[in-house]
Amino acid sequence: IVDKEKLKIYEQANVDLKNHVFERGFVSVQEMYTSDLKNIEDFGKELQNQSASACATITLEFPQKLTMTREAFEGTLKINNSSSKNISKVNLDLVVTDANGNVKTNLFQINKEAFLSGTGNVGPSSNGQGLVTFIPTKDAAPQVATTYGFGGILSYFDEDLKETVFITLNPVYLEVS
């Protein structure tokens with residue numbers, strides 16, 4: 001026994017498929033399928049090539065949670081390069097923000113090692129680190145303790161891609177009083 005409603009639905013789906021094939025410029029469903037499959041394979045290869053570029057773990061650490069104004073404190077940026085590629089021209093652009101996300105970098109004197117100033121290099125399967133010294137001005141916490149986020153942008157040159165890669169660092173929070 002043939003269900004005529006299901007047959008009508010099947011026929012309409014067949015017509016819709018043929019229209020879709022022709023609208024996309026293909027002669028047959030097989031031609032469209034083969035083309036789409038090749039595009040998916042090419043996309044997969046592209047993703048594989050992208051993931052073969054430098055792969056690193058980046059950590060920004062502060063050993064303390066509280067500091068006083070005009071008292072210097074240090075942060076360490078650590079890079080673990082687990083790839084077989086070289087990471088070069090490491091640069092750290094720091095951004096200090098208040099609890100509302102307002103940029104307050106001007107309230108700190110920031111000194112960073114040369115490694116973090118565009119000359120850093122981390123070889124394949126190795127680690128690198130750079131030290132940053134922060135000195136809060138008296139305006140950083142004039143009357144009450146204030147929490148700041150320390151983050152920014154880390155950049156490095158990817159030799160395979162022949163371009164600079166930018167990574168946004170999630171802020172680490174520290175209280176200044």
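In what follows, every heavy atom counts, from backbone to side chain, and hydrogens, waters and symmetry copies are set aside.
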Please answer: with hydrophobic residues joined when any side-chain heavy atoms are less than 4.5 Å apart, are [X] and [Y] in the same cluster?
X: Leu169; Y: Phe150; result: yes
X: Val95; Y: Leu174; result: no
X: Ile110; Y: Leu77; result: yes
X: Val122; Y: Ile167; result: yes

Using every non-hydrogen atom in the two residues, find where [X] and [Y] come nearest and quote the distance to one decimal.
X: Glu175; Y: Ala145; value: OE2-CB, 3.5 Å
X: Asn106; Y: Val103; value: OD1-O, 4.4 Å
X: Gly130; Y: Glu113; value: CA-OE1, 3.4 Å
X: Gln109; Y: Asn111; value: NE2-ND2, 3.3 Å
X: Ala72; Y: Ile135; value: CB-CG1, 3.8 Å
X: Ala140; Y: Phe108; value: CB-CZ, 4.2 Å

So, does [X] use its side chain to make a donor-acceptor pair with the main chain of [Y] at under 3.5 Å?
X: Asp158; Y: Val165; result: no
X: Thr146; Y: Val144; result: yes
X: Asp98; Y: Asn100; result: yes
X: Asn81; Y: Lys85; result: yes

Quick one: [atom1] on [X] to [atom2] on [Y], what's the gap to the nearest 0.5 Å?
X: Asp16; Y: Glu11; atom1: CG; atom2: CD; answer: 12.0 Å
X: Tyr156; Y: Leu92; atom1: OH; atom2: CG; answer: 14.5 Å
X: Glu74; Y: Phe134; atom1: CD; atom2: CZ; answer: 10.0 Å
X: Thr34; Y: Glu31; atom1: OG1; atom2: CD; answer: 8.0 Å

Name all pairs fulfilling the side chain to side chain donor-acceptor pair (under 3.5 Å) condition that reach into residues 121-133, sequence neighbours left out, sorted by first residue then second.
->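 Every pair satisfying side chain to side chain donor-acceptor pair (under 3.5 Å) with a residue in residues 121-133: Asn86-Asn121.
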
Could you pull out all residues at least two apart from Ser35 that satisfy side chain to side chain contact (heavy atoms under 4.5 Å, CB included)?
->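 Expected list: Phe26, Asn39.
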
Below 4.5 Å, heavy atoms only, C-beta onward: do Leu107 and Tyr148 meet side chain to side chain?
->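 The answer is yes; the side chains approach within 4.5 Å.
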
Would you say Asp93 and Asn91 make side-chain contact, with heavy atoms under 4.5 Å?
->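 Asp93 vs Asn91: side chains touch.
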
When you look at NZ of Lys89, are more than 12 heavy atoms from neighbouring residues, nucleotides or ligands closer to it than 6.0 Å?
->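 No, not enclosed.
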
